[in-house]
Amino acid sequence: MRGLLQFTMDLFEGLGSEFAPQPPAPPKRAKKPKPPMLPPAAVAPSTPPSPLTQEDRDAPPAVPLSDTLTLANFVHPQATREVVLGSARVAYEFKRGKRKTIGFLVGAEGLSVRAPRWVALRDVDAAIREKADWILRKLTETQQRHARVEATRIDWKDGAEFPFMGEPVVIQLDPKHGFASVGGTLDAAEGDGPRTLRLAVAQNAEPSQIRDAAQAWLMRQARRLFIERLDHFAPRLGVSWQKLSLSNAATRWGSASADGSIRLNWRLIHFGLPVIDYVVAHELAHLRVMDHSHRFWETVESVVPDYDVLRQKLKDEAVPRWS
Ligand SMILES: [Zn+2]
């Protein structure tokens with residue numbers, strides 16, 4: 001989701017106004033016919049020919065069907081139209097609506113194109129070709145990110161591994177051990193191998209039980225650590241925080257309210273301490289400056305000098321999927 005938001009912002013920074021083809025003066029009397037609905041069969045072949053640009057003339061001839069499997073494939077699940085951009089086939093979701101410009105959005109599902117009702121399909125295609133580099137770059141980035149996230153999907157069983165404070169931890173099911181109320185114990189590191197988290201869960205437990213036990217343990221660690229780091233940074237920033245809540249939000253790492261309440265996503269516990277510290281300091285800094293102005297970032301920098309690198313790390317690193 002963060003990715004989606006990012007791309008939306010990229011889009012509006014780069015394209016928003018640039019992409020406003022002038023509307024042809026609409027006929028005054030004749031009621032404009034509605035654009036035909038595009039049935040699913042309208043994928044690909046319905047694309048009307050557009051005037052040849054230099055790019056088109058340089059482009060390789062139409063690819064025979066048998067070769068299309070070698071093309072990179074980006075298919076939006078709600079795709080109704082399709083275009084070949086360079087060596088990629090892009091099936092995209094297309095919607096018309098009350099808007100003044102053609103808009104592109106690359107999200108987790110693929111490319112969505114929005115167009116005003118009066119824009120001809122060939123102009124939509126021309127706009128897509130003009131932005132082909134941007135679209136393909138974003139589609140590729142999104143696909144790679146998705147692959148990274150998928151690779152971090154945890155298979156919840158004895159021996160499952162996940163990052164804890166930036167280091168790998170391996171789960172060992174250990175129902176006989178008395179864990180009191182803690183539900184798990186993290187063994188001290190032995191040599192170079194990952195540390196072992198022993199969970200009080202039966203060997204034949206369902207994956208969801210193992211996941212829940214691991215999550216409960218992680219949330220406990222997160223709360224303990226976050227409080228410690230809040231208490232570390234608050235006096236350095238000259239603020240006092242009142243209340244910590246752990247969040248589970250899919251799209252945000254933290255938030256702060258003027259009354260001193262701090263919300264932090266428990267999944268931050270997957271990251272190394274420097275990244276956690278950056279988020280903690282970021283939210284505490286909001287108790288002084290409630291926006292993202294220059295003064296805000298100076299405040300963050302005063303306690304986390306390399307916040308820029310850590311902020312990027314938070315964006316780039318894929319955290320495990322819990323669903
Ligand atoms: Zn902020």
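We're numbering straight along the sequence, starting at 1. When reading the values below, keep in mind they use all heavy atoms of this one structure, side chains included, and skip hydrogens, waters and symmetry mates. Counting starts at 1 for both ligands and their atoms, following the listed order.
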Minimum heavy-atom distance between Ile210 and Lys157, given as atom pair plus value: CD1-CA, 3.8 Å
Look up atom CH2 in Trp241 and atom OG in Ser261, then write down how far apart they are to the nearest 0.5 Å. 10.5 Å
Going by atom types only, do His294 and Glu298 share a side-chain donor-acceptor pair under 3.5 Å? yes
Run through Trp266, Phe162, Phe164 and flag the one making a ring-ring contact (aromatic ring centres under 6.0 Å, His included) with Trp217. Phe164
What lies under 2.8 Å from the Zn ion (ligand 1), restricted to protein N/O/S atoms, is His282 NE2, His286 NE2, His292 NE2
I'd like to check the side-chain contact (heavy atoms from CB on, under 4.5 Å) partners of Gln209; sequence neighbours left out, ordered by chain and number. Ala205, Glu206
Work out which heavy atom in His286 is nearest to a heavy atom in Asp291; give both atom names and the distance. CE1-O, 3.3 Å
